Every structure is written in structure tokens, then in C-alpha cells.
Amino acid sequence: MAYPFNTIEPKWQKYWDEHKTFRAEEKPGVPKSKRRYILDMFPYPSGAGLHVGHPEGYTATDIYCRYLRMNGYNVLHPMGYDAFGLPAENYAIKTGTHPAATTLKNIEHFTQQIKALGFSYDWDRCILTCTPDYYKWTQWIFLQLYKKGLAYEAETPINWCPSCKTGLANEEVKEGKCERCGATVTHKTIRQWILKITAYADRLIEDLDELDWPESVKLMQKNWIGRSEGAEVNFAAAGTDGKPTSENLTVYTTRADTLFGATYMVIAPEHKLVDKLATEDKKAEIKAYVEASAKKSDLERTDLAKTKTGVFTGSYGINPLNGKLIPIWISDYVLTSYGTGAIMAVPAHDERDWDFAKKFDLPIIKVVATKEEVASLAGGDEAKGAELLRNAAKNPEEYKKLAAAHPEVFDVAAECTSAKDGYAINSEQFTGLPTKETIPGMISWISEKGIGKKAVNYKLRDWVFSRQRYWGEPIPLVHCPKCGTVPLDEKELPLELPNVKTYQPTGTGESPLAGIDNWVNCKCPKCGGSARRETNTMPQWAGSCWYYLRYIDPKNNSEFVSSEKEKYWMPVDLYVGGAEHAVLHLLYARFWHKVLYDLGVVSTKEPFHRLVNQGMITSFAFQRANKSLVPVDQVEETAPGSGIYEAKDDHEKLERVVAKMSKSLKNVVNPDEMIKTYGADSVRMYEMFMGPLTVSKPWNTQGLIGVNRFLDKIWSISEKPVEDIDITAKLEDKALVSLRKTYAKTVKKVTDDTSSLNFNTAISQMMIFINECSKIDRLPRAMWEGFVKMLACYAPHLGEELWQKLGHTETLTYEKWPEFSEDFCKEDSKQIVVMINGKLRDKFEAAAGTAGDTLKEMALETAGAKKFLEGKTIIKTVVVPDKLVNIVAK
């Protein structure tokens, strides 16, 4: 009999909706140990709707939540929408439809799709980040950041997307391209609001150790923050007379031991001193170079394989250690986004500096010798070689002799030698010291001289927070000619977006809001004079930085979350989502949460205790010999079932490969079609049965059909008589004894695997149980009811219907999870291996727990033992109960 999902699934979805079955409440009597906050990364409601990859994580958390409820946990499991952002605005520009209208329409579609899959969300807590009642509190949090000195305004060079016509944070640039639209990113200097995330850099690293997250994600965050220890050194800029001026170039280096090897300096094209350092005869050349650099991405600029380019400023710096003049160059391989935007170039020990020095014929001085090189000074003895080097350094003539005798140690090689640990050479009083002593010694020396200091640096840059677009949260600040920047009074929040007809970005660095005079022109909250509102808007990430907190108290108009409710539910116990958010969303959310923690408005240092990244569900695509992919609708099979494919246009043979689902490849699988044909329960169970949750796997509709047949089989078996049989008593029916054993194993397996999110193997065990059920004519009620409860977590519509067929009138959502007896899991017999002198010679069956002496006797009676022991004397016998008998004989 086919499972009639097309009538049963809508029936139970309506029941859950009307009865608010999954509504979460802060029940006061429930201890913290029995509360769980389970969270999905909420979706952006695009016009394309869900594809079959989206429900994978949602299904996993739903199964887990249903399991927890049956085990007596109070569960919070909400859903909402990340509704601001560029896609909706771009669509509005293209079609003339207000982004709010398209967003709400998309949300309606998404909600229908999600509800059609039977997920157990508390829909009363649903939030939309684009509604004023929500972004009122996003604006409130921004004001706290501003008042705490963590939000500041700056004219700064930023990543600029020429397609989206807006600024991007470093995290939104992937391989030199806009993370959203794929356009090549350039640079532009405009006015921006920036959040001081670097102030929390150390805590963002240190507190990762407290989290149950994948190590790969922790490492990605640590690498992105990129903490390093080193020194800041001040190089005075010299005038045309070679004497120091008032201008200083500060450089950051992790290898202070190489300071004597600095032979030139390089500053980024965006460096603030470019104009001051450019001599008159170089200004035109420098201007052209700076403009050309602005059109390149960071990836292009830092590519090690590219030919180095640069221009001499005409000015010099003074090496503070020896007073030597070194030329200052401009080159795009130096970025303002790392360090100070200026470097001291040590070409002997840095590949990029080496290439640059070779191209422009700049000096190269070796200042680090390897341990092997130093050892070669004394016949292979490193310690003696180092002593010889230190002694020679005290006498210039001796040093010259030593260097002349060993040019392979002191002279520059034919290629760059990276600055690994070794010994300082050509470094005056530091010569002969090992690297681990030279670095701290050099830092102490420059600190004493006042020319530098110990410093910590981060690759992480402060977060470029504002966007030059319309569809985002207005920033609640006012610019007053008298008072400067003034925050709105919190009572005036929310500052709502004006309803406008055009959303076209200006491309000049101002958002479309700048042209709406009746909104922009306002009164200063401080002096009452004429002022202008801030016209940049917040990025899409703002709303998702704290949405998990609003779920806890979504209807609260007086505070962003009740302190009592926050303490009741936080932190999030399990957060499931894609690994693509490892740096962006997760880093930003952790930063905001730590600020809120410091303000005393949340009770935990971290928002998400446990993180699980689900694997991607991929699809099949077709690849040419040149590795290019062909859209599915342009491919044909040479003969039905042949498995040989070719392109329709030129009949080139194609290889079927696994690829990401893509509209351009026409290989996106629509869940609506799958649900319509096979039912939501089949889709849910197939997505979990495909493989481990965290592993990527390709969609194959044939596998879905197989799961659908399994549910049909369950439905058919449910038609058998159900009898009240005491399954704890001694049973004479061998089929029932076998079923009881399988049932006990199934309860244990499904319990263990569901609790550990190993859903695919839990389903496999349920299939084994159903196969056993097919062998009997009547179903023991205790076993069948227990199975239905377990099934209901995975296939909830079918589970509810079977529960009702068993005579129950209420939902099984809060029924007690089935228990199992370890005794019934035990095997009645064990296979015992007979080993003679370490080699397998026979096997036999024995009852579980048979005594060792009996096993020994049984082993000796086997044909294998008799054959291979003939004429031999037994020296020793080792028995491993329930496993083997090992006989040693000669």
C-alpha cells in the first residue's frame, strides 16, 4: 500500500499550526540542564526560493528537536528571515518594484516551502530583519557601539564593487571578487562608518577554545584575525639635504632581527604620505600609478607570480639603526589593510622584496645565516661557528677576513633565502646571536633608543560597516555643522526608511537617501539647529549579528530582549549552518555579543556553544575535455540507460561530474516538485539518509524513490493487527524473539545516533527493524508504538498518522521516548574462532557467555583442530570469551 502523503501531510501541518504544537515557553520549573536552544542559520528570502540543499540543515535540527522534546527537554526552535540586503534592492532597480514588496512576497513563498516540510518551528517567534520593530533594536545596538567608542567615521580606502556600487568589508571579498555578485573589486577612498572589531581581536581568538566548534572553523577565524607579535619601527623621512624631516614612516615587522638588511622602503599607493613624499619631478608618474592601482583587486596586487611594479617617490628614509639613507618607493604589492601600509624591504630574505629589488636594481644585504652555514665556519660545529662569528664581529678586520674566506655564508646567494631561524650576520653588535635572542634583543634596543617598540599586529581590519545603498537599516546619527556628529535619542527609534520610488545607487560614495531632502534635512537633537541625517545604511550583516537574541523575546517593545528570558535560554546550544559563514557572520555576531556582554545586557561571553556545518548537497553536471561545464538542458544521452553523454550542439563526449547546484547549469532540484511527487517525509528522510550530515553528497532522485518505497512499506505493515503482548516476558515464538532483539538494538542505535546527529545510520537501523516486522503477522503494541515514536522524528507526518491509527487522540510530540533493554540486545550465540599457532583453522557457534573451559573443549572437537593438532603437543591455550580459542602446539 502506498503511503497517502498528499492527504496526510497537509492534515498534520494544519494540526500543528492550529494547535501551536511547537510553541516554546519559559517554563519556570525546568532546570537549565533540561533546556535547549537549537538554531538554524536563517535564510535570505531570494526570489528563487529554496532548493533541496536548504532543508538539509533544517531537517537535522528538526529531528534533533523532536528527539529532545520526547526526552523531556524544553526546546526553543525558531525561524525568521534575513530580509535586508542588495539582492532585493537590485531587483527593485531592475523592475521598479519596492524592495519591501518583493521581500515580503519572497518570505511568503519561503514560509510555504518550509512549512510544507513539516519543521517544528515556533512560528510565533518569527522575525524579519527589515521591519521597524526589529531594526529599532539593531539601531539601538549601533548607538551603544557608538557611545562606547567602537563606531567611528573615516575617509578611508575601501574595497569597492563597481557593479553593486557600494563599499565592502575585507570579509566580503573572495579571491578579489565581490562575494555577492562576483564583480572584480577595486579600491576607492570615501567616507565610511567603521566598527572597531580589532579592539576585541584577542578575545575573539582566546574564547574560541571554550567553544564546541569544528577545528577547521576555529582555525579559519584565527587565521583571519591573524595575530602576530613583532615591533613597530620609526623611519624618519629625509629632506633633499639628507637630514630628517618631521615626517615619519612607521613600519611593522615580525623579524626585527633583519633591520640591518633593510635597503629600501615601500608604501602602499593609498598611504596618507604619498603626496608629501612625492618630489615635483615624480608627481605625474606617481598620480598615474596610484590611479592604476586603485583598479586592481587585493588578490591581483599580492599575487607572488606577478611582475612587480612600482615608482620611486624621489624621497628617502633614514634607517634608524645605522643612519643610512634608503629610497622610498610606492608599489601595489603593499596594502593599507595590513600593518601600517608601509614596509621596510629586506630583499635578501623576502621573495617579493627580492623580485622588486632585482627589477629596480636595489641593494640586497644578507643579514641571516642558516645554522648549517654557521656550522660550516668551524668544520660542522654550530656552537663553535657561532662563537667564531661573535668574536670576529668585535674586530672589523677579522670580520672582513672571515667574510672573504666564506663568501657562501656572508654574501647574497643567487636567489632569495627566506629568513628562517639562524644567526645574525652583517648586523653590527648583534652579529653572531641566534635568531631567538636577536629578535627580543633588537626590540629592547630600539625601545631604549626611542625609535620603536614591541607591538602586536592583526591581519583583521576594522569592519567597514556602512553601505551606499537604500535597502538597509538607517544609521541613527545626525551631522550638525555646530555640534558635529550627534546620536539620535533612543526614544526616537526606530528611524524608519523613507518610502521612495528610486533606489538607483549614486556611484559617488553617497547612498540614494542623500537625494531625499525632506528626510535628510532635520533638526539637531542637541542644539535644535539645522542638520542632516546620516545617509549611509548598515550592511546586511547588521540584522544577523543578533537575531538569535530577538527570537528569545520577539514582541518586546521596551528592550531588545528581557534579561530573564535571555538568561533562561542562552547560550545557543546547537547552531547548524553552512561553512561559508565561518568568517563573516560568525565573527561579526561574536563581536557584537561580546560588546553586549561588556554592557551587561547579555549573560554569556559567547553566543553559540556548539556549531555544526552541514555538508553541501550537490548535483550532477557535465564536463567537457577542457573542464568547462555544460548546462544540463544542453546534454543528451546517446542511448537510454547507456550512461554515455554528449553535448547537443557539437556532440562532444561529456563526463558526468558532481558540481554545485547552479541556475546557470540548470541542475537545481526544486523541493516543491519532489514534495509533490514523493512527499515531504520522503524528502526529509532521503536528505538524512544520503550520508553523514557534515559531508557533501550529490542529489540522486533514484535514492529518494528508494526512501519513498521504504515509507510505503511502513504504511503497509501498519495495516497488520496490533496486539498487547508483554515483550518483557519469556516468548516462545522465535519470530517474536528475533523481532524483540532487533527492536532493542533499534532503540539503542536510533537513540545513540539521533543524539549524536548520525541520522543516516539511524535510518539504516530502522530499515532493519521494518524488514523484521515484515516477517510476522501481528505487531506487538509496545514495539510498534516505540518504533512510531522514533520514526516521527524523521518522518513526522507519517509518525503522527500511525500514532492516531493506534488509537491515540493527541500528538505524539511530547510522548516519552522509547526505552530499551540491554539484555534483549545480546546475541543468543557467538561465533568462536579457532586459532592454532596464530593461524585461523576453524570456527564454531557457542552460547553467549559460555565458560572458557567449555570453549576449549568445543574447540578441540572441531575438524580444523583435529587436523592441525595431529601428532603435536599442546603447550598453551588462550581463551577470549565469546571471541576465540588460541592453541599453541609443537
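Predicted model, so just to flag it, every value in this text is computed and none were measured.
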**Pairing residues for Lys666 by the salt bridge (Lys or Arg N to Asp or Glu O under 4.0 Å) criterion, not counting sequence neighbours** = Asp633
**Message:** Could you work out, with ring-ring contact (aromatic ring centres under 6.0 Å, His included) as the rule, every residue matching His51, not counting sequence neighbours?
**Reply:** His54
**Prompt:** Can you check whether Leu812's main-chain N or O pairs, donor with acceptor, with Glu800's side chain at less than 3.5 Å?
**Reply:** yes
**Request:** Mark yes when over 12 heavy atoms from residues, nucleotides or ligands other than Glu810 sit less than 6.0 Å from its CD; otherwise mark no.
**Result:** no
**Request:** Check whether any side-chain heavy atom of Phe759 sits under 4.5 Å from a side-chain heavy atom of Pro692, and report yes or no.
**Result:** no
**Prompt:** Is the side chain of Thr701 donor-acceptor paired with the backbone N or O of Leu704 at a distance under 3.5 Å, no angle test?
**Reply:** no
**Prompt:** Residues two or more places apart in sequence or in another chain: which of them pass ring-ring contact (aromatic ring centres under 6.0 Å, His included) with Tyr121?
**Reply:** His77, Phe119, Trp123
**Message:** Is it true that, when you exclude Lys14 itself, more than 12 heavy atoms of the residues, nucleotides or ligands shown sit nearer than 6.0 Å to its NZ?
**Reply:** no
**Residues Lys676, Glu673: salt bridge by 4.0 Å N-O rule** = no
**Value rounded to 0.5 Å, distance of OG1 in Thr7 from CD in Glu801** = 7.5 Å
**Request:** Check for a donor-acceptor pair, side chain of Asn556 on one end and backbone N or O of Glu559 on the other, with a separation under 3.5 Å.
**Result:** yes
**Request:** Please report the closest heavy-atom contact between Val707 and Ser682, naming both atoms and the distance.
**Result:** CG1-O, 3.8 Å
**Asked** Any sub-3.5 Å donor-acceptor pair from Arg550's side-chain atoms to Ile127's backbone N or O?
**Response** no
**Asn700 side chain to Gln702 backbone, donor-acceptor under 3.5 Å** = yes
**Prompt:** With a 4.5 Å limit on heavy-atom distance, are the side chains of Glu566 and Asp553 in contact?
**Reply:** no
**Message:** Between the side chains of Asp133 and Lys555, is the shortest nitrogen-to-carboxylate-oxygen separation below 4.0 Å, so that they form an ion pair?
**Reply:** no
**Asked** Side chain of Asn708, backbone of Tyr678: donor and acceptor closer than 3.5 Å?
**Response** yes
**Prompt:** With a 4.0 Å cut-off, would you call Glu56 and Lys697 a salt bridge?
**Reply:** yes
**Request:** Return the orientation label for the Trp699 and Tyr686 ring planes: parallel under 30°, perpendicular over 60°, tilted otherwise.
**Result:** perpendicular
**With sequence neighbours excluded, residues passing ring-ring contact (aromatic ring centres under 6.0 Å, His included) with Tyr81** = none
**Request:** For Glu785 and His808, test the side chains for any donor-to-acceptor distance below 3.5 angstrom and give the result as yes or no.
**Result:** yes
**Separation between OH of Tyr575 and CG of Leu611, rounded to the nearest 0.5 Å** = 8.5 Å
**Prompt:** For Trp784, is the NZ or CZ atom of Lys720 found under 6.0 angstrom from the centre of its six-membered ring and inside 45 degrees of the ring axis?
**Reply:** no
**Message:** If we ignore hydrogens and angles and just use 3.5 Å, is the side chain of Ser120 paired with the main-chain N or O of Phe22 as donor and acceptor?
**Reply:** no
**Asked** What are the two closest non-hydrogen atoms of Leu117 and Arg684, and how far apart are they?
**Response** O-NH1, 3.0 Å
**Request:** Answer yes or no: are there more than 12 heavy-atom neighbours, outside Asp777 itself, under 6.0 Å from its atom CG?
**Result:** no
**Message:** Show every side-chain hydrogen bond (donor to acceptor under 3.5 Å, both in side chains) that has at least one partner inside residues 787-798, sequence neighbours left out.
**Reply:** Gln13-His797, Asp681-His797, Thr754-Tyr794
**Message:** Distance check, rounded to the nearest 0.5 Å: Ile832 atom CD1 versus Thr862 atom OG1?
**Reply:** 12.0 Å
**Message:** Can you tell whether the side chains of Lys805 and Glu719 come within less than 4.0 Å, N to carboxylate O?
**Reply:** yes
**Message:** Can you list everything that forms a side-chain contact (heavy atoms from CB on, under 4.5 Å) with Asp124? Sequence neighbours excluded, please.
**Reply:** Lys20, Arg23, Asp122
**Asked** Looking only at atom types and distance, does a side-chain atom of Asp842 sit under 3.5 Å from a main-chain N or O of Val834, one as donor and one as acceptor?
**Response** no
**Asked** Would you say Lys660 has more than 12 foreign heavy atoms packed within less than 6.0 Å of its NZ?
**Response** no
All N/O donor-acceptor pairs, side-chain side in residues 762-774, below 3.5 Å, sequence neighbours left out:
unit_1 : atom_1 : unit_2 : atom_2 : d
Ser764 : OG     : Asn760 : O      : 3.2
Gln765 : NE2    : Thr746 : OG1    : 3.1
Asn771 : OD1    : Lys713 : NZ     : 2.6
Asn771 : ND2    : Met767 : O      : 3.4
Glu772 : OE1    : Ser738 : OG     : 3.0
Glu772 : OE2    : Lys775 : NZ     : 3.1
Ser774 : OG     : Asn771 : O      : 2.5

**Message:** Could you work out, with side-chain contact (heavy atoms from CB on, under 4.5 Å) as the rule, every residue matching Asp733, not counting sequence neighbours?
**Reply:** Ala735, Leu736, Arg778
**Item:** Heavy-atom pair of closest approach, residues Pro571 and Tyr37
**Value:** O-CB, 4.2 Å
**Item:** Flag for Gln614-Thr694: side-chain donor and acceptor within less than 3.5 Å
**Value:** no
**Interatomic spacing from CZ in Arg69 to OG1 in Thr21 - rounded to 0.5 Å** = 9.0 Å
**Request:** Return the orientation label for the Tyr547 and His585 ring planes: parallel under 30°, perpendicular over 60°, tilted otherwise.
**Result:** tilted
**Prompt:** Within the side chain of Arg125, is there an N or O that forms a donor-acceptor pair under 3.5 Å with the backbone of Ala24?
**Reply:** yes
**Request:** Would you give the length of the straight line joining atom CZ of Arg781 to atom CG of Asp726, rounded to the nearest 0.5 angstrom?
**Result:** 14.0 Å
**Message:** Going by side-chain hydrogen bond (donor to acceptor under 3.5 Å, both in side chains), name the residues that satisfy it together with Tyr548, two or more places apart in sequence or in a different chain.
**Reply:** His593
**Message:** Testing the basics here: between Met688 and Ile63, what is the closest heavy-atom pair and its distance to 0.1 Å?
**Reply:** CG-CD1, 3.6 Å
**Message:** On a heavy-atom basis, which atom in Leu757 and which in Arg610 lie closest, and how many Å separate them?
**Reply:** CD1-NH2, 3.8 Å
**Request:** List the atom of Met690, the atom of Pro698, and the distance in Å for their closest heavy-atom pair.
**Result:** CE-O, 3.2 Å
**Asked** Rounded to the nearest 0.5 Å, what separation is found between the OG1 atom of Thr129 and the OH atom of Tyr44?
**Response** 9.0 Å
**Request:** Could you pull out all residues at least two apart from Tyr134 that satisfy ring-ring contact (aromatic ring centres under 6.0 Å, His included)?
**Result:** Trp546
**Asked** Excluding sequence neighbours, so at least two apart, what forms side-chain contact (heavy atoms from CB on, under 4.5 Å) with Asp752?
**Response** Lys748
**Asked** Any side-chain donor-acceptor pair under 3.5 Å between Thr809 and Gln804?
**Response** no
**Message:** Quick one: does any side-chain atom of Gln831 pair with a main-chain N or O of Phe844 as donor and acceptor, under 3.5 Å?
**Reply:** no
**Prompt:** With sequence neighbours excluded, what pairs up with Asp207 under the side-chain contact (heavy atoms from CB on, under 4.5 Å) test?
**Reply:** Arg203, Glu210, Arg590, Lys594, Lys605, Glu606
**Prompt:** Take atom NZ in Lys32; do more than 12 heavy atoms of anything else shown fall under 6.0 Å from it?
**Reply:** yes
**Asked** Is the Lys NZ or Arg CZ of Arg35 less than 6.0 Å from the centre of Tyr568's six-membered ring, within 45° of the axis?
**Response** yes
**Request:** Apply the test side-chain contact (heavy atoms from CB on, under 4.5 Å) to residues Leu586 and Met41: give CA-CA distance (whole Å), side-chain angles for both, the deciding distance (0.1 Å), then the verdict.
**Result:** CA-CA 10 Å; Leu586 290 173; Met41 290 187 182; 4.2 Å; yes
